[in-house]
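Here's the structure we're looking at; comments come further down.
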Amino acid sequence: MSSPAAVRVIGTFDSPFSHRAEAALRLKGVPYELILEDLRNKSELLLTHNPVHKKVPVLLHGDRAICESLLIVEHVDEAFDGPALLPADPHERAMARFWSRFIDDKCSKPFWLAMWTDGEAQKGYVKEIKESFALLEAQLEGKRFFGGDTVGLVDIAACGLAHWLGVCEEITGVNLVTDEEFPRLRRWAVEYVSDEKVRACLPDRAVLLEHFTAKEMFTAMAKSMLPK
């Protein structure tokens, strides 16, 4: 296993993807330096270490860079000592990877569009994201976290549903997850943000609320994502 020295994360305070990298490091007990990026004026450090996508987060481990948040979580799990973030059983590891990819592939875009669009388009995305939430709800039956009793890869992947969701719901007035419809997801969200190590790298809720009050900007972003 690698020494925990010389670990840096290029990220932004408001990004659930950046949180994934930080959460993995904190859960493994790895000290790191957080370098906050201004995505409106991207730094040479970011462009050098992620020249393909030019996005955060980027993990700098010594002189090596790892991009893409889920790959970062897996790298951290394999490179450092500490509690395992992925199961040891090959089948269970594959299923954890499946559901973490499901969250990115099937939840991220419809979640955002359900929040920041309107009219018939919004109704369609609300239906789509709730169908995906129902599948995630089923995965939590009889479990505290997606992988069992401790925070793991799928929980970290789903972090946006635990912390950012409530903020967006408050700003937009769109309620996607209720106690009546998705009780396990609601309980899981409370468990996730209550974890001491996870909580230490969650952005302040009041600051997030202030950030997302710029509704026009996020509405414009959502409209740019709609099919032409």
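Nothing here was measured: the structure is a model prediction, and the numbers come from that model. Basis for what follows: all heavy atoms, side chains included, without hydrogens, waters or symmetry-related copies.
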For this session: Just grab all the salt bridge (charged side-chain N to carboxylate O under 4.0 Å, His left out) pairs involving residues 57-76, residues at least two apart or on different chains.
Result: E74-R97
Problem set entry | Point-to-point distance, once rounded to the nearest 0.5 Å, from OG of S43 to CD1 of I10 | 6.0 Å
Seminar exercise, completed: Residue set satisfying salt bridge (charged side-chain N to carboxylate O under 4.0 Å, His left out) with E131, at least two apart, ordered chain then number -> K127
Problem set entry | Partners meeting salt bridge (charged side-chain N to carboxylate O under 4.0 Å, His left out) with E181 (sequence neighbours left out) | K130
For this session: Rounded to the nearest 0.5 Å, what's the gap from CD on E22 to CD1 on I156? Could you check?
Result: 12.0 Å
For this session: Enumerate the residue pairs fulfilling salt bridge (charged side-chain N to carboxylate O under 4.0 Å, His left out) with a member in residues 170-180, sequence neighbours excluded, ordered by first and then second residue.
Result: E170-R205, D179-R186
Problem set entry | Non-hydrogen atoms of S100 and V154 that approach each other most closely | N-CG2, 4.3 Å
Exercise. Are L176 and L165 side-chain neighbours, meaning at least one heavy-atom pair lies under 4.5 Å?
Worked result: yes
For this session: Might you point out which heavy atoms bring P16 and C159 nearest each other, and give the distance in Å?
Result: O-SG, 3.3 Å
Seminar exercise, completed: Rounded to the nearest 0.5 Å, the CD1 atom of I66 sits from the CG atom of L71 at a distance of 9.5 Å
Problem set entry | Closest non-hydrogen atom pair between R26 and A200, with its separation | NH1-CB, 3.6 Å
Problem set entry | Pairwise distance OG(S132) to CG(L135) - rounded to 0.5 angstrom | 6.0 Å
For this session: Tell me, please, which residues at least two apart from E33 pass side chain to side chain contact (heavy atoms under 4.5 Å, CB included).
Result: R8, I35
Problem set entry | Intermediate values then yes/no, ring-ring contact (aromatic ring centres under 6.0 Å, His included), F98 and H91 | CA-CA 10 Å; F98 172 87; H91 177 262; over 10 Å; no
Problem set entry | Y125 versus P227, closest heavy-atom pair with distance | OH-CD, 3.5 Å
Exercise. Going from CG on L113 to CD1 on I129, what distance comes out if it is rounded to the nearest 0.5 angstrom?
Worked result: 10.0 Å
Problem set entry | Closest contact, heavy atoms only, H19 versus V198 | CE1-O, 3.8 Å
Exercise. With sequence neighbours excluded, what pairs up with E120 under the salt bridge (charged side-chain N to carboxylate O under 4.0 Å, His left out) test?
Worked result: K123
Seminar exercise, completed: Residue pairs passing the salt bridge (charged side-chain N to carboxylate O under 4.0 Å, His left out) test with at least one member in residues 192-203, sequence neighbours excluded, are none
Problem set entry | Greater than 12 external heavy atoms within 6.0 Å of D149's CG | no
Exercise. Does H163 have any ring pair (Phe, Tyr, Trp, His ring centres under 6.0 Å) partners at least two apart in sequence or in another chain, and if so, which?
Worked result: none
For this session: For K28 and D77, run salt bridge (Lys or Arg N to Asp or Glu O under 4.0 Å): C-alpha distance rounded to whole Å, both residues' side-chain angles, the deciding distance at 0.1 Å, then the answer.
Result: CA-CA 7 Å; K28 297 291 282 190; D77 194 35; 3.0 Å; yes
Problem set entry | With R144 via salt bridge (charged side-chain N to carboxylate O under 4.0 Å, His left out) - residues at least two apart | E191
For this session: Mind jotting down which residue pairs meet the salt bridge (charged side-chain N to carboxylate O under 4.0 Å, His left out) criterion with at least one end in residues 34-47? Sequence neighbours excluded, please.
Result: D38-R40
Problem set entry | Residues D104 and R20 bridged, charged N to O under 4.0 Å | yes
For this session: Taking all heavy atoms of C201 and all of Y32, pick out the closest pair and write down the distance.
Result: CB-OH, 4.1 Å
Problem set entry | Spacing of K55 atom NZ and N50 atom CG [to the nearest 0.5 Å] | 9.0 Å
Exercise. Would T172 and W116 count as a side chain to side chain contact (heavy atoms under 4.5 Å, CB included) if you check the C-alpha gap in whole Å, the side-chain angles of each, and the deciding distance to 0.1 Å?
Worked result: CA-CA 7 Å; T172 64; W116 300 104; 3.6 Å; yes
Exercise. Of all residues at least two apart in sequence or in a different chain, which pass the ring pair (Phe, Tyr, Trp, His ring centres under 6.0 Å) check with F146?
Worked result: W188
Exercise. Please, which pairs that meet ring-ring contact (aromatic ring centres under 6.0 Å, His included) have at least one residue in residues 196-216, sequence neighbours excluded?
Worked result: F13-H211, H211-F218, F212-F218
For this session: Would you check, one step at a time, whether the test side chain to side chain contact (heavy atoms under 4.5 Å, CB included) holds for L161 with I103?
Result: CA-CA 10 Å; L161 308 181; I103 289 163; 5.5 Å; no
